[in-house]
Amino acid sequence: GRPPTLPAAPSQRKVVTIGVCTAFEIAASNLSLLTLSVSFHTMIKSSTPLFVLIAAIALGLEQPTRLLIASMMLVTGGVMLCSAGEIKFDWGGFMYILTASMAGGVRWSLAQLLLQTEGEAEASAVGARDNISDVLLHNLEKCVELLYHQLPVSVAALIPAWLLLERVRFLLWIAAQEESSGMLAL
C-alpha cells in the first residue's frame with residue numbers, strides 16, 4: 001500500500017518525544033534488570049499507570065477525581081509494599097525501573113493525545129463514519145502510522161546508549177571478525 005503520510009510539525013515533535021521516551025523506557029528497563037530480579041522489576045514496573053495518570057492530567061487528557069486518586073494511591077501503596085520486602089534491593093536498579101515507568105507514562109499519554117487530536121481533526125474534516133468496521137480500520141491505520149514514524153526515532157535514540165554500554169563488546173567483535181577474515185585469506 002501507500003506509505004503513511006508524515007504528520008504536521010506539532011505532531012512531528014510529539015512523535016519524536018514518543019520515540020525518545022520509548023527508547024529511554026527500553027534502556028532504563030533493561031539496565032534495571034542488571035541488578036534487580038525479574039519479579040521485583042515487574043512489581044515496580046506496575047507503577048506505570050500512576051505515571052500515565054500524572055502525565056494525562058498534566059496534558060489535560062484526564063480530570064483528577066477522588067476515586068481516581070484513591071485508586072492510584074492503592075496501586076502505589078501496593079507497589080511500595082512489594083518493594084519493602086525485596087531481599088535483593090538495589091537503589092540504582094530501582095531508580096532505573098522507576099525512570100522507565102515514568103518514561104512509559106509520558107509515552108502512552110502523548111500517544112493518546114496525538115492519536116485523539118489527529119482523529120478529531122480528521123473526523124471534523126471528513127465527517128462521521130457510519131460503518132463501525134471502517135472506524136476500527138481507520139483507528140488501526142493511525143496506530144500503525146504512529147509506529148511507522150516513532151520506531152526510527154526510538155532506534156536512533158538507542159544507538160548512543162548502545163555505543164556507550166556495548167562499545168567494548170562491539171570493538172572486540174569487530175576485532176574477532178577482522179581476525180577471522182584475515183585467517184581465511186591465508
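Starting from 1, each residue takes its place in the sequence as its number.
By the rule that hydrophobic residues join a cluster once side-chain heavy atoms approach within less than 4.5 Å of another member, Met72 and Val52 end up as members of separate clusters. Hydrophobic clustering (ILVMFWY, side-chain heavy atoms < 4.5 Å, transitive): Leu68 and Leu50 are in one cluster. Leu110 and Trp108 sit in two unconnected hydrophobic clusters of ILVMFWY residues. Membership requires side-chain heavy atoms under 4.5 Å apart, directly or through other members. No chain of hydrophobic side-chain contacts below 4.5 Å, direct or via other Ile, Leu, Val, Met, Phe, Trp or Tyr residues, connects Leu171 to Leu164.
Shown here are the side chain to side chain contact (heavy atoms under 4.5 Å, CB included) partners of Ala27, two or more places apart in sequence or in another chain: Leu158. Every residue was checked against the side chain to side chain donor-acceptor pair (under 3.5 Å) condition with Thr99, not counting sequence neighbours, and none meets it. Every residue meeting the side chain to side chain contact (heavy atoms under 4.5 Å, CB included) condition with Leu61, not counting sequence neighbours, appears here in chain and number order: Ala56, Leu59, Ser109, Gln112, Leu113, Gln116. Under the rule for a side chain to side chain contact (heavy atoms under 4.5 Å, CB included), the partners of Leu163 that lie at least two apart in sequence or sit in another chain are Ile159. Remark: Leu98 pairs with Ile44, Ser47, Phe51, Phe94, Met102 by the side chain to side chain contact (heavy atoms under 4.5 Å, CB included) rule, at least two apart or across chains. In this view, Ser154 and Gln150 satisfy the side chain to side chain donor-acceptor pair (under 3.5 Å) rule, not counting sequence neighbours.
From Phe40, atom CZ reaches atom OG1 of Thr42 across 10.5 Å, with rounding to the nearest 0.5 Å. Of the inter-residue distances, the one linking His149 atom NE2 with Ser11 atom OG reads 10.0 Å to the nearest 0.5 angstrom. The OH atom of Tyr96 lies 8.5 Å from the OG1 atom of Thr35; values are rounded to the nearest 0.5 Å. A distance of 10.0 Å separates CE of Met43 from CG of Leu36, quoted to the nearest 0.5 Å.
Residue pairs meeting the side-chain hydrogen bond (donor to acceptor under 3.5 Å, both in side chains) criterion with at least one member in residues 158-168, sequence neighbours excluded: Glu166-Arg169. Applying the salt bridge (charged side-chain N to carboxylate O under 4.0 Å, His left out) test to residues at least two apart or on different chains, none of the pairs has a partner in residues 55-76. Screening residues 16-37 for salt bridge (charged side-chain N to carboxylate O under 4.0 Å, His left out) gives Glu25-Lys45, Glu25-Arg107 as the qualifying pairs, with residues at least two apart or on separate chains.
Residues Pro64 and Ile69 share a closest heavy-atom pair of CB-CD1, 4.1 Å. In terms of heavy atoms, Ser29 sits closest to Ile97 at OG-CD1, 3.8 Å. Heavy-atom minimum distance, Thr48 versus Gly105: CG2-N, 4.2 Å. Lys142 and Leu115 make their closest contact through O-CD2, 3.7 Å (heavy atoms, listed as atom of the first residue, atom of the second, distance).
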Discussion item. Between Ser46 and Val75, does the side-chain contact (heavy atoms from CB on, under 4.5 Å) criterion hold? Intermediate values first, please.
Written reply: CA-CA 8 Å; Ser46 68; Val75 169; 5.6 Å; no
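You'll find the side chain of Ser71 reaches within 4.5 Å of the side chain of Leu67, heavy atoms only.
If you chain together ILVMFWY residues whose side-chain heavy atoms come under 4.5 Å of each other, Val20 ends up grouped with Val16, Val153. Taking Ile, Leu, Val, Met, Phe, Trp and Tyr as hydrophobic and joining them when side-chain heavy atoms fall under 4.5 Å apart, one finds Leu147 in a cluster with Leu151. Apart from Val38 itself, the hydrophobic cluster it occupies contains Leu33, where clustering links Ile, Leu, Val, Met, Phe, Trp and Tyr at side-chain heavy-atom distances under 4.5 Å.
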